[in-house]
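Report on the structure given below.
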Amino acid sequence: IFDEYDSQNFNLVGIKTDCEETVYDLHYGQNLVSYTGGENMSLDQAIPPEFNDYIISIIGASEAASYTFVGWAGSLSNMHVDNGYWIRVD
């Protein structure tokens, strides 16, 4: 058990993956994923069009976007490698 005076260092090691090998099994509701695609890709490039009818919104750190009948709308316009995103599927 740790108290406020204890400190611990944690060393986490990530393994870089090839985007073509990464498959996400998204379920209904909120899904937390780590983005592994191309750096600084627009949502239109990062999300294949066949999924636009299912992905309702994406929330990042202090930014979000929703898919509307005219496309993606909101403050989130690009996705960044290794960032975490909440993806809402309906």
Side-chain angles (χ1 to χ4, degrees):
I1 299 177
F2 299 104
D3 63 29
E4 62 187 88
Y5 302 106
D6 289 333
S7 67
Q8 293 291 322
N9 292 322
F10 294 95
N11 185 19
L12 300 175
V13 178
I15 300 171
K16 193 70 172 168
T17 61
D18 183 359
C19 182
E20 293 177 10
E21 296 175 4
T22 303
V23 176
Y24 294 108
D25 184 18
L26 303 179
H27 57 82
Y28 177 83
Q30 298 289 348
N31 298 267
L32 181 60
V33 301
S34 178
Y35 179 67
T36 60
E39 177 60 32
N40 203 31
M41 289 185 79
S42 71
L43 293 179
D44 288 325
Q45 294 173 313
I47 308 296
E50 61 265 25
F51 297 114
N52 288 340
D53 289 338
Y54 304 101
I55 297 177
I56 305 305
S57 63
I58 302 173
I59 301 172
S62 301
E63 55 188 357
S66 295
Y67 192 75
T68 69
F69 65 94
V70 294
W72 290 102
S75 59
L76 174 64
S77 57
N78 293 38
M79 297 184 83
H80 301 280
V81 174
D82 298 332
N83 281 11
Y85 296 94
W86 284 100
I87 298 178
R88 180 175 169 213
V89 176
D90 202 6

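Keep in mind it's a predicted model, so treat the numbers as computed, not measured. Quick note: residue numbers are just sequence positions, from 1.
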Is there a path of hydrophobic side-chain contacts, each under 4.5 Å between heavy atoms of I, L, V, M, F, W or Y residues, that connects [X] with [Y]?
{"X": "Y54", "Y": "I56", "result": "no"}
{"X": "L43", "Y": "F51", "result": "yes"}
{"X": "Y24", "Y": "I47", "result": "yes"}
{"X": "I58", "Y": "V89", "result": "yes"}
{"X": "I59", "Y": "V81", "result": "no"}

Discussion item. Keeping N31 on the side-chain end and G29 on the backbone end, is there a donor-acceptor pair under 3.5 Å?
Written reply: yes

Worksheet item: Taking the side chain from S66 and the backbone from A73, do they hold a donor-acceptor pair closer than 3.5 Å?
Response: no

Worksheet item: If you take all heavy atoms of G60 and Y85, which pair is closest and at what distance?
Response: CA-CD2, 3.7 Å

Fill in: Approximate separation, where rounding is to 0.5 Å, of E39 CD and N83 CG
7.5 Å

Practice prompt. State, with a plain yes or no, whether a side-chain heavy atom of M41 is found less than 4.5 Å away from one of N78.
Written response: no

Discussion item. In the structure I gave you, are the side-chain heavy atoms of W72 and N52 within less than 4.5 Å of one another anywhere?
Written reply: yes

Discussion item. Can you confirm whether Y28 is buried at OH, in the sense that more than 12 heavy atoms of other residues, nucleotides or ligands lie under 6.0 Å from that atom?
Written reply: no

Discussion item. Under the criterion side-chain contact (heavy atoms from CB on, under 4.5 Å), I'd like the reasoning laid out for R88 against I55: C-alpha separation, chi angles, the key distance, then a yes or no.
Written reply: CA-CA 6 Å; R88 180 175 169 213; I55 297 177; over 6 Å; no

